[in-house]
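Only one structure is covered here, and it is reproduced in the block below.
We name chains A, B, ... by the order of the sequence lines, and we start the count at 1 in each one.
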Amino acid sequence: MSVLASVPLTAEPPVPEVAPTEKLLLAVVGLGLLLLLPVAFDADAERARWCFFGALGLLSAGTLGWSWWKYGRGPAGVHHHNLWLRASTARGAVAWLTGIVLTGFYVILYWFSADNGQGNFGPLNQLVHALDPASQLLRHRPSDQWFLYGTFYTLAILVMGARALWKYRHSPYQRLRTVSVMFFQLGFAFLLPGLLLAFQRPEFYFSYFWPLKYDYLFPGTVSYLLRDGGPALGVFLVFWTAVISFVGVPVLTYFFGKRWYCSWVCGCGGLAETAGDPYRHLSDKSRAAWRWEVRLIYPILGFIVLLTALLWLGAAGMLPGWFTTPQQSGLPLVGGLSPVDGLSKVYGFAIGAMFSGVIGVGFYPLMGTRVWCRFGCPMAAYLGLLQKHFSRFRITTNGAQCISCGNCSNVCEMGIDVQQYAQRGEPIIRASCVGCGMCSTACPRGVLNLENGPREGRYQGSQLISADSLRMLS
Amino acid sequence: MHLVIIGNGITGVTCALTVRRLQPAARITLVSAESAHHFSRPALMYVYLGHLRYQDIKPYEDWFWQENRLELVQAAATGLDAARQTVQLSTGAVLAYDKLLLATGSVGRRGTWPGHDLAGVQTFVTLPDLEQMTRDTHGIRQAVVVGGGLIGVELAEMLAAKGVAVTMLVRDDRYWGSVLPPEEAALIQRQLDDHHITVRYRTELQALLPDAHGRVRAVQTTAGEELPAQWVGLAVGVVPNLALARAGGLETDQGILVDELLQTSQPHVYAAGDCAQQRAPGPGEVAVEQLWYTGRHQGETVGHTLAGQPRPYRRGLWFNSAKFFDLEYQTYGRVPARPDAREHSFCWQHPNGRHLLRLNFRRDSLAVTGLNVLGLRHRHDTWHQWLQAGTPAPQVLANLGAANFDPEFFRQHEADIVRQFNAQFPEHAVPRPRRRGLFRV
């Protein structure tokens, strides 16, 4: 121990050179991305359409080929080699560029690509119209910016889902879970809503519920579903969303923890688990981040509960008139709206669009994949409270086998410092845990296991290691 | 009380945390030259692999130490005056102590081969070792790893992940032959083959050959072969770090000699972890153990003694774990590498060569004595109870599902294991074993 290292490591470990085949496959992906540019700017609609499908084909084929090449050929196992050494996955230049492009796309999508009334969708116009035939086929109506977004989103989950299947093929839990998120995205969040539109019914996402899809229990949406859904379907849709939100969520969470939704069904989770997998380790594990988490997510849950209650009270005429009367406040965004509608607008802008979309996905390559799920999602907050207090779910740690290596914390997309529990032999019972199971998959010593067991003794740690009583989170 | 701990590895830190818990008012100082903060030594390989960064292998965030009033001093302890109860530091400072714990750990064994001090030849135990390896392995094509143990296979995995062609020199006729029975070693051999590691068994290092710049160019083996290598890892074991103990005149042998309270030959001076040697180890136990788990256990034990609640060190039931490339290994109790005449050794393997379970039990009482599992996860607490109670093997097998710690939806092999056991030991036949369900822990 002759070296006095105040800066612990002054050299970077070597990174192997990217093989020519891998370069070629990545070039195909890059070409696909480039081909999207002429789609956006080419005036010729026919040519733009061919470019568009060419781009999607290259993107998909390139990504699938690369995933197979990287993960499908060699021995199966957890191989996070060079994850923190490559610019693309370690907040390097490539990651910043990816983040900026993603964020830019969301800003354009949310605020600059609405239909101008003549079927023009601004900067995304050509991309949107390139999908017209597909949209006609599925939905019997022309494409719009949300159909474009849904197509990209679903494709990302399917293609990167295939990558996850190769990468984690040694784990049946990860295989099943990945297939599940792919199935729910394609079926429940893409095909079914489209088919409903084709049959002149309201577009409805069966895999999203209040309070994540907050407006599904707003009086306006409920009356619209009842009206446009027709007597049978409309009632079913309202029944479905209300029953899942108030009965399905507590019951399923009691038995399985919040994972039944967050990492098996939810589309936001689905994107994080598949397209976001290369970035999962970027979540902040510090105590400071945890403090922000509880400061943000519970007030947001409170906000949406309060707002929903106010809307219903207003609709029932039980609020003083001031709440539901338009006010000329002169404030941006909410000018001319009633206070209740103004709140609704603020929530939709700040939480629904800004937080869940722009920050939630745009910042994947910099802050990790579950920024929205961890800091913002009111559904996650609701499921989390149930998981913490009324659930059989826990992650058990295996006796005294932990070596404090930190692989579990590293792969936790929710930023839980899993290792703090594992090294004390304590079960992990945290509101934020989405049960993706990656800590268990990545643990080199077989220490962590997701289990549903009796609630008695749920917090009981192992007797084989004496937990230090020093508190970590407060 | 001022407790000074030399070494901030798992032993020193566990002791510090134990004393802090038992004696909230104690002043505790941790001294280490190696790093400013405690880090997980078994995780060094993941930093090299790029799975983690250095800050990710620190088990506690940096605020932890100050909030728990654990003073950290980054300096080498160069001298010990047991009569005056002081420690001299490389910074020139002198620390006075009421109690002193030496948890100085181990250093890699370098051997005396010709050329062992060439550039590009090193051990892999400490943070400076990792630093040196990150510098010296850029742009190399071939490497040789000497030693067929845990560090050897780690080095092979690290290098192979960087595209380096690795040859291992192993003295035994199989991998980790001093610890693993042949079937286990054969499964690990498959991993080595799958990851394209060349292994020369029954082969040792003869000499390290330099290039014109004094850097290693090749190694010569005892088989007379010359293997080109631009980097050589020496993984032939570790030896207790005794420099400070010797400077302080403590009684040492292989390690610092301690009694069952982990006290050294000097009053108020204790030693624990890798560097300590039991004067009177229990039957079947070794005097010096260089293991994460025993280090932690000794740190906790000596912590009680230092906090005024004397507690003799009891080795307890053996357990260990490791991962060989993609193959996980757990062991509970004792499974000797060579069969013990008093024991049956039942070994089940999956035909795909990725799962193995070995159960040793007494011929007379049928009491289980040890378990090896490869590619299966088993529950430590359950095995602890079974081994402690000397549960008969048939009873263990009938309840094997209770020890299954594999994730949900993994194939459950218990029925197959019991079928094979019944075929091999019809006189102890076991009924259909209990399965593990989604709703049961």
Side-chain angles (χ1 to χ4, degrees), chain A residues 1-6 8-17 75-86 170-173 176 255 286-287 392 396 398-401 403-407 409-410 419 423 437 440-441 444-446 449-454 462-464 466 468-470, chain B residues 10 17-18 20-21 33-36 40 42-43 46-54 56-57 59 61 63 68 74 76 126-128 130-131 134-135 137-139 161-163 194-195 241 292-293 300 319 321 323 325-326 328 330 377 379-381 384 405 407-411 438-441:
Chain A
M1 294 190 204
S2 53
V3 180
L4 272 174
S6 54
L9 292 177
T10 55
E12 288 262 291
V15 181
E17 227 175 284
V78 179
H79 300 137
H80 284 142
H81 301 333
N82 308 307
L83 195 63
W84 277 110
L85 300 174
R86 293 206 190 275
H170 60 291
S171 165
Y173 183 82
L176 268 169
F255 283 109
S286 68
R287 182 174 62 170
R392 292 160 53 89
T396 309
N398 196 7
Q401 288 278 23
I403 52 164
S404 299
C405 71
N407 277 294
S409 300
N410 186 56
Q419 170 194 298
Q423 69 194 7
S440 165
T441 304
R445 303 297 172 111
N449 201 10
L450 282 62
E451 294 185 317
N452 312 305
S462 172
Q463 303 299 306
L464 299 173
S466 65
D468 51 74
S469 52
L470 310 171
Chain B
I10 183 63
L17 297 184
T18 306
R20 171 56 68 238
R21 175 162 56 90
E34 188 182 14
S35 61
S40 167
Y46 300 111
V47 177
Y48 183 82
L49 282 167
H51 296 196
L52 304 169
R53 298 162 297 174
Y54 171 69
D56 301 319
I57 67 168
E61 277 189 77
W63 52 259
N68 290 292
Q74 192 176 8
T126 63
L127 195 57
L130 172 66
E131 164 97 7
T134 60
R135 289 177 183 285
T137 52
H138 281 269
K162 305 291 180 179
D194 285 353
H195 290 85
N241 180 4
W292 175 266
Y293 306 113
E300 189 192 333
F319 69 96
S321 65
K323 191 172 182 185
F325 290 91
D326 301 317
E328 287 175 21
Q330 292 181 337
R377 293 177 173 181
R379 213 177 279 272
H380 189 181
D381 293 273
H384 185 83
F405 202 69
E408 295 151 303
F409 309 117
F410 273 54
R411 172 99 181 269
L438 269 183
F439 295 95
R440 201 163 46 196
V441 169

Check whether any side-chain N or O of [X] sits under 3.5 Å from a backbone N or O of [Y] as a donor-acceptor pair, and report yes or no.
X: Gln419(A); Y: Pro59(B); result: yes
X: Glu61(B); Y: Arg287(A); result: yes
X: Lys323(B); Y: Pro444(A); result: no
X: Asn449(A); Y: Phe405(B); result: yes
X: Asn82(A); Y: Gly50(B); result: no
X: Glu12(A); Y: Thr134(B); result: no
X: Glu131(B); Y: Thr10(A); result: yes
X: Ser40(B); Y: Ile403(A); result: yes

Trace of the side chain to side chain contact (heavy atoms under 4.5 Å, CB included) decision for Asn398(A) with Arg377(B)
CA-CA 9 Å; Asn398(A) 196 7; Arg377(B) 293 177 173 181; 5.6 Å; no
Look at Asp194(B), Thr137(B), Leu52(B) and state which one has the largest set of heavy-atom pairs under 4.5 Å with chain A.
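Most heavy-atom pairs within the cutoff with chain A belong to Leu52(B).
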Closest heavy-atom contact between [X] and [Y]?
X: Pro407(B); Y: Ser440(A); value: CG-OG, 3.7 Å
X: Val78(A); Y: Asp326(B); value: N-OD1, 4.4 Å
X: Ala11(A); Y: Arg135(B); value: CB-CG, 3.7 Å
X: Tyr173(A); Y: Phe410(B); value: N-CE1, 4.1 Å
X: Pro16(A); Y: Lys162(B); value: CB-O, 3.6 Å

Most chain B-contacting option - heavy-atom pairs closer than 4.5 Å, from [options]:
options: Ser404(A), Gly399(A), Ser171(A), Gly77(A); value: Ser404(A)
options: Pro13(A), Gly406(A), Pro14(A); value: Pro14(A)
options: Glu17(A), His79(A), His170(A), Gln463(A); value: His79(A)

Show, in sequence, the C-alpha distance, side-chain angles and deciding distance for Leu464(A) and Phe319(B), and conclude whether the side chain to side chain contact (heavy atoms under 4.5 Å, CB included) test is met.
CA-CA 11 Å; Leu464(A) 299 173; Phe319(B) 69 96; over 6 Å; no
4.5 Å side-chain heavy-atom contact, [X] and [Y]:
X: Trp63(B); Y: Ser286(A); answer: no
X: Trp84(A); Y: Asp56(B); answer: yes
X: Pro75(A); Y: Phe325(B); answer: no

Nearest 0.5 Å please: distance from the OH atom of Tyr48(B) over to the NE2 atom of His81(A).
11.5 Å
Stepwise side chain to side chain donor-acceptor pair (under 3.5 Å) check, Arg379(B) with Thr396(A)
CA-CA 10 Å; Arg379(B) 213 177 279 272; Thr396(A) 309; 4.9 Å; no
Passes side chain to side chain contact (heavy atoms under 4.5 Å, CB included), Glu408(B) versus Asn452(A)? Steps please.
CA-CA 10 Å; Glu408(B) 295 151 303; Asn452(A) 312 305; 3.5 Å; yes
Region of Thr441(A) that comes under 4.5 Å of a non-hydrogen atom in chain B:
backbone
Does the plane of the ring in His80(A) sit parallel, tilted or perpendicular to the ring in His51(B)? Use 30° and 60° as the thresholds.
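Geometry flag for His51(B) against His80(A): perpendicular rings.
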Interface moiety of His138(B) toward chain A, non-hydrogen atoms closer than 4.5 Å
both
In terms of heavy-atom proximity below 4.5 Å to chain A, should Tyr293(B) be classed as side chain, backbone, both, or neither?
side chain
